[in-house]
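Working notes, structure below.
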Protein chains: 2
Amino acid sequence: MSKRRISIQDIARRAGVAHTTVSRALRDNPSISPKVREEIKQLAQEMGYVPNGIAQSLQNQRTNTIGVVVTSIADPFFAEVVEGIEKIAQAAGLSVLLSASHQDVEREIAAINNFHRRRVDGIIVADSHISKQHLQQIAEIAVPTVLLNSQTEELAQFQFVSIDNLLGAQLAVEHLIQLKHTAIGYIGVSNRTRSNQQRLEGYRTALIAANLPQNSDWVAISKAEYTTTSDVDTGLQMLSGLINAGVTSIFCYNDMVAIGALLACQKLSISVPQELSLVGFDDIALARYVTPSLTTVRQPMLEMGCCAAQMLLDLLQEKSVENRVLSPFLVAGGSSRQI
Amino acid sequence: MSKRRISIQDIARRAGVAHTTVSRALRDNPSISPKVREEIKQLAQEMGYVPNGIAQSLQNQRTNTIGVVVTSIADPFFAEVVEGIEKIAQAAGLSVLLSASHQDVEREIAAINNFHRRRVDGIIVADSHISKQHLQQIAEIAVPTVLLNSQTEELAQFQFVSIDNLLGAQLAVEHLIQLKHTAIGYIGVSNRTRSNQQRLEGYRTALIAANLPQNSDWVAISKAEYTTTSDVDTGLQMLSGLINAGVTSIFCYNDMVAIGALLACQKLSISVPQELSLVGFDDIALARYVTPSLTTVRQPMLEMGCCAAQMLLDLLQEKSVENRVLSPFLVAGGSSRQI
DNA sequence: CTGAAAGCGCTTACAG
DNA sequence: CTGAAAGCGCTTACAG
């Protein structure tokens, strides 16, 4: 906080009143006479008074702050989510403390505990990897919490907003089926257990519903650790295996994986969509700018952030809150075509 | 802060000591006997005590928090910058309050004032648009502040880290000159006054140094307002004008503009780099994934964030701090080739 | 080695 | 309409 700042005490001395009167005047308490009130406000202005929010927080038992944990800030998905959260929070007069977990449970917990110490009013955790044992620990902090696309089974104690991964995967695969593809592959990532599992399940469900064959060689799940480029690498590395197994189209866990696959195709001179159709997931900005643009399943990232923030606001006002499972939809791009 | 949490008072009562003893024990004050200290720590643990950071902040006159203002969180450039800032801050035990200004001076100022109220220990402002009159006002808050790629002339009172735009532009244009281009255009954006001006100047300097012609029809500066897609739109819209004016290559204000230009080329069936060479600026992840990949001038975004955060840390420890002007460098991609 | 006191800067019943 | 008191939860000289 650097050098000493002026306080209501300082103003009180100059005005010849009690500091408590200053406090009331500044907060427009009607019991203070208009004359005194104006004088004090004037004085406060002149003296460059800025209320100490920390002292107010201590007294009011409210910090007007929410804590947000994401896997990575630079990840385009989370960047958009945070943008949405901040927008709603700012409009409601709340500030956002932001922390990155880098998919490390320990760091995720550390961030949450840090928020707890700082007495944030609420917490949003995106892509949470907290395991059951830890959940116990976290539950004790009793701060309103909203999970966004949680990677763990939501225990009843937390609110959540998430995307319908099963539906999304089905939309993707059904799209390929409509385009007459019968040899459809899936490239996934194991480090996002739950959503990967759900998308894989949606993939299988769609194939079964269409009476199409499944082949274990058509499914590749990367075991790579999460980094900024790991998903692209996954696409790059897994592509040839599926091609060799004879697929004519691939549903990818997300757009970054799809872009990796696309890059691999360029290297191998496989033309997309002529020789191979590709479908991604997320609809990050990138998806529109690669060539060909990606067919993908859109998650409304900004809206999901807004929604999580709004749920948290409602929780803070003790309104009743309903969990939300948002429906994704298909965005047709240039990376898929009829066989 | 929701329900009442346990305090050192609660622990003190249970332990039969003064709360001040609890405070000391918990902070490993050597004057407390080992026995008592352990008992208290044990008790605190059992009771699930979590120190109230707000109260500590008030007492210590230090919040261990820094405030960060960026134009937009979802912008890939700032997302990386914030990632770097958060990384350094987290390692130093500081938390990050994040706010988006959307290039609105009023919101930028509001964010800074909000940080002031909250008594952050330091502030980082990226892409600041504060005008001189406002600077006055901001200067009064007397919080250690670091500007990152400021769009206003730095007054001596603030520390800063920035990129050498002049050099970057020269590198870009010299690259095109080396490739035998003689009709070289520039597409810029007016809403980032200073960096646009500097890049334009670097462009001109390079042309003059090489004795190449300049043509006012070869330079297009968009007046669009800043949005998530405005830079891409700029590239999209400005391209044809320059093509008609006969350029064989274009240096773009940044990668998003270059990608817009690239998309326009695709629409107009102009092949890049065969018929037109394109050079961007920034080297955002996107640049590597479009086709062809972009030749661009790399700003080390992550490092710039880290650097700004480190400078702020040094300021907080009252170390002497030197402003930094980082040098960008050319990254050759597939979007440029010899004429 | 431990406690009582003062104080960080505010807010809000409670008196007058 | 205004002030003195108490308190939010902590820390740290100052006594003992």
Side-chain angles (χ1 to χ4, degrees), chain A residues 1-41 43-44 47-65 116-121 141 143, chain B residues 1-41 43-44 47-65 116-121 141 143:
Chain A
M1 302 194 203
S2 76
K3 52 191 65 174
R4 221 154 148 302
R5 293 207 166 66
I6 73 136
S7 68
I8 53 172
Q9 273 291 6
D10 300 323
I11 300 175
R13 266 191 289 272
R14 282 269 287 267
V17 298
H19 74 281
T20 150
T21 299
V22 174
S23 171
R24 280 193 267 253
L26 260 23
R27 332 191 79 245
D28 283 322
N29 184 315
S31 74
I32 299 294
S33 75
K35 179 164 164 292
V36 174
R37 193 190 318 173
E38 284 319 309
E39 280 174 15
I40 289 176
K41 283 192 168 184
L43 204 50
M47 297 173 72
Y49 173 69
V50 176
N52 185 323
I54 297 297
Q56 292 176 317
S57 291
L58 181 59
Q59 176 61 240
N60 298 336
Q61 300 288 90
R62 198 159 200 292
T63 54
N64 293 312
T65 307
H116 183 196
R117 283 185 63 132
R118 289 170 179 273
R119 298 299 192 260
V120 297
D121 297 328
I141 73 176
V143 173
Chain B
M1 301 193 203
S2 76
K3 52 192 65 176
R4 223 156 145 300
R5 294 208 165 66
I6 73 137
S7 68
I8 55 172
Q9 273 291 7
D10 300 323
I11 300 174
R13 268 190 289 273
R14 281 269 288 267
V17 297
H19 74 280
T20 150
T21 299
V22 174
S23 171
R24 280 193 266 252
L26 259 22
R27 333 191 78 248
D28 284 324
N29 184 315
S31 74
I32 300 293
S33 75
K35 180 164 162 290
V36 174
R37 191 190 321 172
E38 283 318 310
E39 278 174 15
I40 289 177
K41 284 193 168 184
L43 204 49
M47 297 173 72
Y49 173 69
V50 176
N52 184 322
I54 297 296
Q56 291 176 318
S57 291
L58 182 58
Q59 176 61 238
N60 298 336
Q61 301 289 87
R62 197 155 202 293
T63 55
N64 292 313
T65 307
H116 182 197
R117 284 185 61 130
R118 290 171 178 274
R119 299 298 192 263
V120 297
D121 296 328
I141 74 176
V143 173

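Below, chains carry the letters A, B, ... as their sequence lines are ordered, and counting in each starts from 1.
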Between [N] and [X], is there an OP1 or OP2 to side-chain N/O distance shorter than 4.0 Å?
X	N	value
B:Gln9	D:dC10	no
A:Arg119	D:dC8	no
B:Ser31	C:dC1	no
A:Gln61	D:dG9	yes
A:Ser23	C:dT11	yes

With heavy-atom distances below 4.5 Å as the criterion, would you say the side chains of [X] and [Y] are in contact?
X	Y	value
A:Arg24	A:Ile8	no
B:Ile54	A:Arg118	no
B:Asn52	A:Leu58	yes

Have a look at [X] and say if it touches a base, only the backbone sugar-phosphate, or nothing, with a 4.0 Å heavy-atom cut-off.
X	result
A:Arg24	base
A:Ala18	sugar-phosphate
A:Ser33	sugar-phosphate

If you only use heavy atoms from C-beta on, which nucleotide in [options] is closest to the side chain of [X]?
X	options	result
B:Val36	C:dC8, D:dT12, C:dT2	C:dT2
B:Tyr49	C:dT11, C:dC10, D:dC10	D:dC10
A:Pro34	C:dT2, D:dC1, C:dT11	D:dC1

For B:Ile8 and D:dC10, give me the distance from atom CD1 to atom P, rounded to whole Å.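 From B:Ile8 CD1 to D:dC10 P: 5 Å.
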Nearest-Å distance, CZ (B:Arg27) to C1' (D:dT11)?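 Spelled out: CZ on B:Arg27 to C1' on D:dT11 is 7 Å.
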Does any N or O donor sit under 3.5 Å from an N or O acceptor when you compare the side chain of B:Thr20 with the base of C:dA4?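 Such a pair is found, so the answer is yes.
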Decide yes or no, distance alone: a donor-acceptor N/O pair under 3.5 angstrom between the base of D:dT11 and the side-chain of B:His19. yes
Both distances under 3.5 Å, Watson-Crick or G-U wobble: report the partner of C:dC14, or none. D:dG3
